[in-house]
Colleague: 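I have a structure I would like to understand better, so I am pasting it below and will then ask my questions one at a time.
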Amino acid sequence: MDCLVNNAGAPLPMVGVADIDMATFDAVFAVNVRGVLLGMKHVAPAMLAQGSGSIVNIASVTGHRGGASGHVYSASKGTVLALSRAVAAELGEKGVRVNSISPGAIVTGIFAKGAGVEGSKADRLTDLVKSLFASVQPIPRAGLPEDIARAAVFLASDGSSFISGQDLVVDGGMTSVVRGWSATFKARGELLARLKAAAEGL
């Protein structure tokens with residue numbers, strides 16, 4: 001077992017702190033945090049036995065910046081960042097590296113699913129998401145899954161053999177721009193409304 005990429009994640013609606021549903025909190029943390037921990041827990045014995053390996057946990061820019069997404073999602077990804085650093089400190093002594101990647105606005109069907117669009121339809125709305133995401137960061141194009149995949153391949157490779165306990169931010173410069181909660185909340189609402197309207201035409 002040379003590499004593990006913990007990439008599963010659960011979205012949730014962007015709501016104010018007073019409206020957070022604790023069952024939703026538990027469900028998001030079960031996937032975004034418990035899932036990452038379990039992946040590392042079960043791969044560690046194999047990697048430790050061979051004295052090598054690379055673990056890559058997918059975090060998010062929302063773990064670095066307040067107001068970039070919903071509170072619970074941000075908290076879960078911030079936890080992934082802290083957990084990755086903590087496990088890197090332990091496993092690094094035995095030759096196993098642990099790093100994380102923090103994607104910015106990446107075009108996937110998860111945004112339409114977050115708007116309540118059925119799964120197969122959601123994946124057909126990525127072109128709309130792509131056009132909307134082209135202007136949310138300084139680099140004038142939307143982030144793509146391939147951008148994250150290339151970063152993961154680098155962290156899995158010998159080219160990063162002296163890198164551990166670090167977070168690689170892949171966001172087109174998004175975290176260099178200041179945006180507040182209200183601006184993000186408004187933009188997210190507009191995105192969801194457009195995705196729902198587009199889904200009705202499918």
Colleague: Could you list the residues that satisfy salt bridge (charged side-chain N to carboxylate O under 4.0 Å, His left out) with D123, not counting sequence neighbours?
Modeller: K113
Colleague: When rounded to the nearest 0.5 angstrom, what distance separates CD1 in I139 from CE in M174?
Modeller: 11.0 Å
Colleague: Does G70 offer a backbone N or O that forms a donor-acceptor pair with the side chain of R188 under 3.5 Å?
Modeller: no
Colleague: Return each pair, listed once, that meets salt bridge (Lys or Arg N to Asp or Glu O under 4.0 Å) where at least one residue sits in residues 150-174; pairs must be two or more places apart or across chains.
Modeller: D147-R150
Colleague: What are the two closest non-hydrogen atoms of A151 and V170, and how far apart are they?
Modeller: CB-CG2, 3.9 Å
Colleague: Minimum heavy-atom separation for S74 to S69, with atom names?
Modeller: OG-O, 3.8 Å
Colleague: List the steps, then state whether side chain to side chain contact (heavy atoms under 4.5 Å, CB included) holds for L125 with L202.
Modeller: CA-CA 9 Å; L125 295 173; L202 293 178; 3.9 Å; yes
Colleague: Is there a donor-acceptor contact under 3.5 Å from the side chain of Q137 to the main chain of A105?
Modeller: no
Colleague: Say you draw a straight line from CG of L168 to CD1 of I101; how long is it, rounded to the nearest 0.5 Å?
Modeller: 6.0 Å
Colleague: What closest approach, in Å, do V56 and A152 show between heavy atoms, and which atom pair accounts for it?
Modeller: CG2-O, 4.3 Å
Colleague: Could you measure the distance from the CE atom of M1 to the CD1 atom of I55? Nearest 0.5 Å is fine.
Modeller: 10.0 Å
Colleague: Is any side-chain heavy atom of Q50 less than 4.5 Å from a side-chain heavy atom of D2?
Modeller: yes
Colleague: Would you tabulate the side-chain donor-acceptor contacts of residues 192-201 under 3.5 Å, counting partners in other chains and residues two or more places apart, or write 'none'?
Modeller:
none

Colleague: Please examine the side chains of F133 and I106, heavy atoms only from C-beta on, and report whether any two atoms are closer than 4.5 Å.
Modeller: no
Colleague: What heavy-atom pair brings V72 and F29 nearest, and what distance separates the two atoms?
Modeller: O-CE1, 3.8 Å
Colleague: Only counting residues at least two apart or in another chain, list the ones meeting ring-ring contact (aromatic ring centres under 6.0 Å, His included) with F154.
Modeller: none
Colleague: Under a 3.5 Å distance rule, please check whether N32 uses its side chain to pair with a backbone N or O of A10 as donor and acceptor.
Modeller: yes
Colleague: How far does OG of S176 sit from CZ of R65, to the nearest 0.5 angstrom?
Modeller: 7.5 Å
Colleague: What distance do L37 atom CG and S84 atom OG have between them, rounded to the nearest 0.5 Å?
Modeller: 10.5 Å
Colleague: Transitively linked via ILVMFWY side-chain contacts under 4.5 Å: V5 with V36?
Modeller: no
Colleague: I need the minimum non-hydrogen distance between A142 and V107, along with the two atoms involved.
Modeller: CB-CG2, 3.5 Å
Colleague: I'd like to know if V61 and L81 are part of one continuous hydrophobic network [Ile/Leu/Val/Met/Phe/Trp/Tyr, side-chain heavy atoms within less than 4.5 Å].
Modeller: no
Colleague: Walk me through it: do N57 and L83 pass the test side chain to side chain contact (heavy atoms under 4.5 Å, CB included)?
Modeller: CA-CA 9 Å; N57 298 319; L83 184 59; 6.0 Å; no
Colleague: What distance do N6 atom CG and L38 atom CG have between them, rounded to the nearest 0.5 Å?
Modeller: 9.0 Å
Colleague: Determine whether E190 and L132 make a side-chain contact, defined as any pair of heavy atoms from C-beta on separated by less than 4.5 Å.
Modeller: no
Colleague: What is the minimum heavy-atom distance between A59 and S100, and which atoms define it?
Modeller: CB-CB, 4.4 Å
Colleague: For T24, enumerate each residue passing the side chain to side chain contact (heavy atoms under 4.5 Å, CB included) test, keeping only those at least two apart in sequence or located in another chain.
Modeller: L12, D21, V28
Colleague: Output a table of donor-acceptor pairs, distance under 3.5 Å, between side-chain atoms of residues 90-99 and any protein atom two or more places apart or on a different chain; print 'none' if there are none.
Modeller:
from: R97; atom 1: NH1; to: L155; atom 2: O; distance (Å): 3.3
from: R97; atom 1: NH1; to: S160; atom 2: O; distance (Å): 2.8
from: R97; atom 1: NH1; to: S160; atom 2: OG; distance (Å): 3.1
from: R97; atom 1: NH1; to: I163; atom 2: O; distance (Å): 3.1
from: R97; atom 1: NH2; to: L155; atom 2: O; distance (Å): 3.0
from: R97; atom 1: NH2; to: S157; atom 2: O; distance (Å): 3.3
from: R97; atom 1: NH2; to: S160; atom 2: OG; distance (Å): 3.2
from: N99; atom 1: OD1; to: G165; atom 2: N; distance (Å): 3.2
from: N99; atom 1: OD1; to: Q166; atom 2: N; distance (Å): 3.0
from: N99; atom 1: ND2; to: I163; atom 2: O; distance (Å): 3.0

